[in-house]
Each structure stands twice: as structure tokens, then as C-alpha cells.
Amino acid sequence: MERPIFLALLIVALPLGAFAIEILHALIFRRMAKWNDKLSMAAMFTALGCALYLLFTEVLAHPHGIEKAYMGSVPWISFGGDMNPVRIDLSILVDNMTCVMLVVVTLVSSLVHLYSSSYMHGEERYSRFFSYLSLFTFSMLGLCIANNILILFIFWELVGLCSYFLIGFYIEKKSAGDASKKAFITNRVGDALFMTAIMIVFSVLSQSKGYAGKDVLSFPEIYRSIGELGSNAGPWVGNHDLLVIAGIFFFMGCVTKSAQFPLHIWLPDAMEGPTPVSALIHAATMVAAGVYMIVRMFPLLVGEGYISGDWFHSTPLEVIAIVGGFTSIFAGTIALVQNDLKKGLAYSTCSQLGYMAMAVGVGSTTGGMFHLFTHAFFKACLFLGAGSVIHAVHSQMMGDMGGLRKKMPITYWTFLISTLAIAGTPLFSGFMSKEMVLTSALAYGHMHEGSLFHSLPFYFAAITAVLTTFYMFRLVFLTFFGKGAWEDKKHGAHDDHAHAPVAVYAAPVSSPGHGAAAHGAHGHAPAAHSTAAAHDTHAAHDPHGGTPAAHDPHAAPVAAHGDHGHHGEPHESPWQMALPLVVLAVLALFSSGIAFPGLPGSHWFEHRLNDGVLVKDLMTESSAATEQTRQLFEPMVVHQPGEPLAANASEIVAEYHEAWSHAHHTVFLFSLCAVAFGITAAAWFFIRKRGVDYVTGVAPLRGLRTVLSNLWYVDAFFIKGFVPLEMKFNNLCAWFDRTVVDGIVNLVAWIANKIGVLAGLVDFYGVDGAVRGTGDAVLEGGSLVRKLVSGKVQDYVKWTVVGFVVAVAAVAWFGH
Amino acid sequence: MGHIGLSHYLVVAAIMFALGVAVVLTRRNAIAVLCGLELMLNAAALNFVAFNRFGSPNRLDGQIFTVFIMTLAAAEAATILAIVLNVYHTLNTVRVDEVDSMKE
């Protein structure tokens, strides 16, 4: 076994081993072990070591990382006999993308483990929490090393399951249970379509001649089929519609998993889970799995233009670009008015995931993966920072925060660095990735001569860039600047109501007409709960609330504060929580080198995970590589900006290269302006005019905020519109079932009954009659014959004589 | 009447046989039935001798058969008498119309 394969397996096996030991211990001794946290942590940090070793020796050590992907496989399922052999292997793929994903997952996971050991300390089910984390990490790592879309799907479901467990971790809270169910059920939609897409690929490939006995669901085989399509051969010829449908269905898997509009609704609710979980699963890793998946399936999404480098005229990609772009701006606007720190971050995550999907849609898998990579670190840092703040003030509402800059310096600085990174400030990692996403979106518009439809992704993304800076700094300023509510608390002594979430800055001051709706943002108006989804947004869960009351969704905001109101000033978190913050903040700064074009290390990612390298080797290797096919792929490898274009690059690649160079400068200037404008605006509203609701002064904005507070009515649409509609449909189905289906059944039964009666008659008189008649006849004949058998010798003789006479008479009569 | 021929013998034998059958069918006493049986056997034996005499006078087949029949008749009479004795011991009767245990 090659070393990278072995290491990858080891990395995956470690958390699985930890989970297995923990669960076995629990099964044998009927309780969770006390050392679960230590075991899980040890496994995770070992895995992190292996992943880093893999990254440094295989990826970073060479200018283009792993040139030829490592693959290993074990036969798993085979059926179909000799006639139509089909095979599915347990196969592993280790290429640059895998290595990067392994590092992201193990790094964030191990830091979250460390963080949780303090954050979740004293929690009931503390040990179980670590088992869940181990299981999740195993599943996520398995997803990353899978070389087979079916195995990827299995792990995809596993991470969904772990997500369900962890969102509903506070089982005492109804809202947590509801949120976990919402997440799980929403994900079913995409998973069903994802599976359908797999079936389409399977049925098309397995029925094709050249794929008999091959592992048709493995990436190399899928890529090969697309490669053949480029020269108008292979299984997809004549199945173009299926290819498009499969592509869109794969993306639907991504829509739910990566929270794209309109099925993003589960992600904000998922914030009911513990904050470390939000950081690990719902920010850094699992939600990015959708993007990872569409990047892996990218050739299939592009279809026939893949070989020639025409990645810009494919239906699935157009859908992805527009949905991703819309998600980013849509979630970005909602994030503007969130008063719950975690919810604000959740919508921000949603928005950034939209960026990633859009990047893939506009033909830049590099951009999508790059943003996934940098986003994982700074968003995990933001969530863990938010957890640290929540830990300190025992509330998720920003109304309870403020002025924490001095009290929690480490949290403040790391949060600020991450905010600068997500805003795309130069020298911070987010700058490189965001710029790449924006550039590819603009270049995409250029490729279509600036047609409005194809320029929309860029406009969406550009506006979102400004919004992101604005709302992220809003969070920073409201949390860490100004005068904190906890200071009032200190003076206001034992008045519990003083720190019930009174969000002065956003209190709807004006007309009562929309007052109730605006209250929805706070989630305290009972009516708002029914509209804005079934989540009790601000049942500010308290990780240290030992009393059952603290977990009661209705009592929480007051009761939790009542319990903890006397702790005094917020203070910096212990080192287990501070260290992950620092590490992640450093990564938010340096994960993409010194983040400015041309500076050392700033292009490492693009060189190793560029669009061509991703699949080039896989495809050529399995398609009986000839020098010719290899040359076909060359254009993709070199079309990255900053590198000279190969002489044999195809026309469209050259055109794209041109478009990219033009877009590059525009975007560069634009990002600088967006950041500057966003920070200034946020500072103006939330530092200079703190305490003043920033929209009350502008009438049109009030209405807009009502809309935003109600999450653009998407949740309401599902709850008010979709669910009743579905209920009606269900009732209709029930009615149909009762009357028509049952009617038919009853009719059939009635007819059957009548036929039965008729058959009974026939049976009784016909069949039975025949049987009985035969019996009777035999009986009668028997008794007749019995009379002959008198037992008297003379009777026998008599009949003998009679017979003899008859015989003689017959002979005499007929004999002549 | 002239020469006595084959048909005379056959007629006599037929009459004897018919008398035998009549005796067998009509008499109730087992011994009488046995007598009727002997009559029928003798009718048959007479036929054998007559056919031998008029059919193939140079051969003795018919006469040999008659000797066999006489032997058979003796054996049969012995067997039947033994049966009749046993029937009498068991059922206390020798009337054939009262013996119907063969029915079972």
C-alpha cells in the first residue's frame, strides 16, 4: 500500500476507532466512559498530525502537489454474472483536494474537540457529545477520501445523521428537537434527488459496452465517460437529457446539504445545537460537503464541453451559478437584521456557501474550493468566538453583549481578524479566495458578452461582498464595542428584566402596523414563532445551565439569566477555548500564504488545486491514456491566471484567460472599495450612533426590515404556504384513498364476494354434486352387487351357470 | 333306432350335467350338493370318453383325462366332506342355505 493511501486510511480509522471503543464501553458497562473526551481528542490530534504530514510531504513539497492521484480499492459488490458484470469497489482517492479537505476537517475538528472540553464541561451527556463528534469526524473524513460516488453518498448520509444527533443535542429543548428534525427532513429532499442522480449515472454507464465489469460509480470512470462524450462517443451520447438531469439532481443534493436557496431553511435553525457543533458541522465542514461534491462531479456537470475547456455553456452550471449567487445575496440581506449572534453567523455561512456554489457554477472549481478552504478557518473561528462570548454573557442575543473588547481581548482580536478575513480585506486569507470567486464570476459574464442573465452572479456576489463586510462588522461592533448590557446588569443588581434581551438598537420604534412583524426578529412575540418557522430562536441556551429550567425554551431567557445573573462581569474564556481561537485566527490570516497577489505563498492553493489538476490525472489514467488525450487536458492546467498560456490552448480557454485578466483588475479595486465602504458604514451606524436603530430614520427601510426579519418569508412560505398545502394534499390523498381507492377495493371485494357465492353454488351443485353423485352411484351399485354376494355357495353357482349360459348363448348367437 | 353315435353320449352327458346342476342349485343339504357335483363331474368324464372314442380312437388322451377326473373327484369328495364336517362343527349345520359366512 502506498504511504498516502495508508495515511488517509489511518486518518479515517482513528476517529472511528475512538467512537467504536466508546460505544463498546457504553454497551458493555451500560454507561459512557468518563475518558471519552480524552480518547476522542487523542485520536483527533493524531489524525491531525497525519493529515498535516500528508499535506506537507505530498502537497506543499511539490510545485503542483500530487501529480498523479493515489488510488486504492477493494472489491465490494459485484453482480450481474458474466453477461452484464457490474462492480462497486471500496475505493480511496488521495489527491490534492483530498489532502486539503483532510487537513481542514481534522484541524477544525481537533480544535473543536479541545474547545468543547471546556465549553461543554459539566454538561449532562458530556461524554456522549464527544462520541458524536468522533462519529461525525469519521464520516466527514470518509466522505473526503471516497473515490466512488456511492460511498461518498453513504458518508454523506452519515454526516447528515450526526448533524441530526448534534443539533438535537439539548434534548430537553423542544426547539432543538424540532430544529434537528427540520434539518434531517429538509435534507431528505436533496438526498433523494442525489440518489436519483447516482441511479441515472449507474444505469447509463453500467449498460454501456466499455464499462462492463468496471466500477462505474467511481470518479475515474465517470470522468472517463465525460471525456468520451467530448469526442462524441461513450455512454452519454444520445443521453444528453439524462446528463443534464443528473447534473441538476447532483446539485440538488448540494442545495440541501450546503443550504442553498430555497432549502437553506434548516441551517439557521441548526444553531440550536451546541456552539462548537455549529462551528464544526454547520460552518466549516459538513455544509461544505455539498460544494465538495459538486466540485468532484464537475466534469459531469459541464458535460460535453469539458474536454475543449468550454465550461461556461452548460445547463446545470447555469442553474448552480444563479442559485448560488442568489443564495449569497439573499442570506446576506437577512444577516443584516439578525439580533442573535449565532443566527447572524449562520446566515453569513449560508451566504458564503452561496459564494462557493456560485464559483463552481461559473466554472471555477478552484475558486469554490479555495473559498471553502479559507472560509472553514475564519468561520470556525467566528463561531468559536461567538461561543466564547455566549459562554461569558450567557446569552446569544447581541442586546446582552457589547463592550466586551476589554474584557475578552483574545476573543475580540481573533474575532476581528476572522471578520476582516471574511470581509475580504487584503492580507487576510479571505481576500485571495473571495477575489478569485468574484473574478471568475465577472469573467463568466464576459464570456457571455455581458448578457444580463450571465452577469447576475457577479452582481449578486458584488453586492454580497459589501453586505458581508457591513453585517460582519455590525456583529463585531455590537458585541465588542460600546456599552454592554452586562454593565447595566452589574449596576442594576438583581433586576432580571434588565437583561432580558432588550435590543435597543433595533427596537421597532415606529408605527404599530408592522410592530408585531418586526418583533419576529426577536422571536419573543408568540405569533412570530408560528410564522418564522418552528424554532424558538432565542431560547438562549445556556451551556452551563445545570437546572432543567435553563433548558426550558420558554423559561430560558429569563430563568437562565436569573440563575446566572450574579456571576458578575464577563471574563476571558479558559485556555482550552482561547487556544483554538488563536490557532484559527492565525490560519484566517495565513492559510493562503501572505494574502496579496504576488506575495510569497499567496498562490499555493491555485497551483495545486487548479481546475485542470483536479481531474486531469484521473481521467487520462483510466481512459487508456495516450499522449493525445493528455494534450487535450493541457489547456486546463495552464489557464490559471498568472501563468503563461500554453501554445495549444483551445480557443475558448484563450478567451477565458483574456476575460479573466480584464476582470482581475476590476475586482481587485472593487474588493478594496467594498471592504472600506462596509467597515465605514458599519462603524458609522454602530459606533458613532450606537443605540440608534439604523433603519428607523429611513421609512422605506422599515418595510424592508420587516421583510428581512421574517427571513424573506421563505420559512413562512414553507410553514404557512407549503405545509398547509401539503396537509391539504394529504387530506385530498386521504379522501381519494377513502373514497376512490377504498371504493374500488370495496367494489372488488363485493364482486369477489358475489362470485364466491356463485362459485359456492356451482361447487355445491356441480362439483360436489358430481362427487356425491358418483359416490351415491357407487353406493347404490355396491348394495346392488352386494345382494349377489350372499355368501351362499348355491347363489354363486347359480350366477356361474347363468353367466355360462349367457356366454354360450352369445357365442351361439354372434359366433356365426 | 340303429347305431348309437357320439351325439347320444353327449345328450346323456348333457342331461346328467343338467341334473347335476339342478341338484347343486336346488338341494339344501351339503352332501346332496356334493352328489350333484359328482354327477356333473361324471358328465364331463363321459364327454371325454365319448370324444376319445369317436374323435381319435387310436389315442388315449380322453380316457387318461377321465382317470384324472376320477382321481380329482375322489380328492374333491374327501376335501369337501372334511369341510362339511368342520362347517358342522363350527356352525352346527350342513344346510348350504344357512351357511353364508363367505359374505364377510
Side-chain angles (χ1 to χ4, degrees), chain A residues 746 748-816, chain B residues 7 10-11 13-44 46-48 51 72-73 76-104:
Chain A
N746 288 341
V748 169
W750 182 83
I751 291 171
N753 189 15
K754 292 297 164 207
I755 290 175
V757 170
L758 190 69
L761 289 174
V762 169
D763 188 52
F764 189 77
Y765 292 105
V767 181
D768 282 15
V771 171
R772 267 200 313 274
T774 311
D776 287 353
V778 169
L779 208 62
E780 291 296 319
S783 53
L784 200 71
V785 171
R786 193 163 53 190
K787 282 176 190 156
L788 297 179
V789 188
S790 61
K792 293 174 184 149
V793 178
Q794 284 171 319
D795 284 345
Y796 299 162
V797 176
K798 177 174 72 191
W799 287 111
T800 310
V801 171
V802 169
F804 180 74
V805 169
V806 169
V808 169
V811 170
W813 192 260
F814 300 108
H816 303 287
Chain B
S7 53
L10 293 186
V11 170
I15 291 168
M16 270 172 69
F17 188 84
L19 288 172
V21 167
V23 170
V24 164
L25 292 180
T26 52
R27 299 304 296 262
R28 300 286 181 247
N29 194 306
I31 307 299
V33 170
L34 180 61
C35 294
L37 209 57
E38 291 298 324
L39 210 56
M40 286 161 69
L41 281 170
N42 284 336
L46 183 59
N47 272 5
F48 271 111
F51 278 115
L72 183 100
E76 187 195 338
T79 312
I80 288 178
L81 282 173
I83 291 173
V84 169
L85 278 175
N86 276 308
V87 166
Y88 181 75
H89 274 299
T90 317
L91 304 174
N92 210 19
T93 177
V94 291
R95 290 176 65 93
V96 277
D97 59 339
E98 287 173 6
V99 177
D100 59 354
S101 54
M102 271 205 295
K103 191 160 68 174
E104 274 113 41

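A note on names: the letters A, B, ... follow the listed sequences, proteins ahead of strands, and every chain is numbered from 1. Everything numeric here is computed off the predicted structure, so don't read it as measured data.
- The parts of V96(B) that come within reach of chain A are both its backbone and its side chain, each placing non-hydrogen atoms under 4.5 angstrom from that chain.
- Within 6.0 Å of atom OH in Y796(A), more than 12 heavy atoms from other residues, nucleotides or ligands are found, so the atom counts as buried in its surroundings.
- With a threshold of 4.5 angstrom between heavy atoms, V797(A) approaches chain B through its backbone and through its side chain.
- The CD atom of Q794(A) sits 5.0 Å away from the CZ atom of R28(B) when rounded to the nearest 0.5 Å.
- Within residues 750-758 of chain A, no residue has any heavy atom under 4.5 Å from a heavy atom of chain B.
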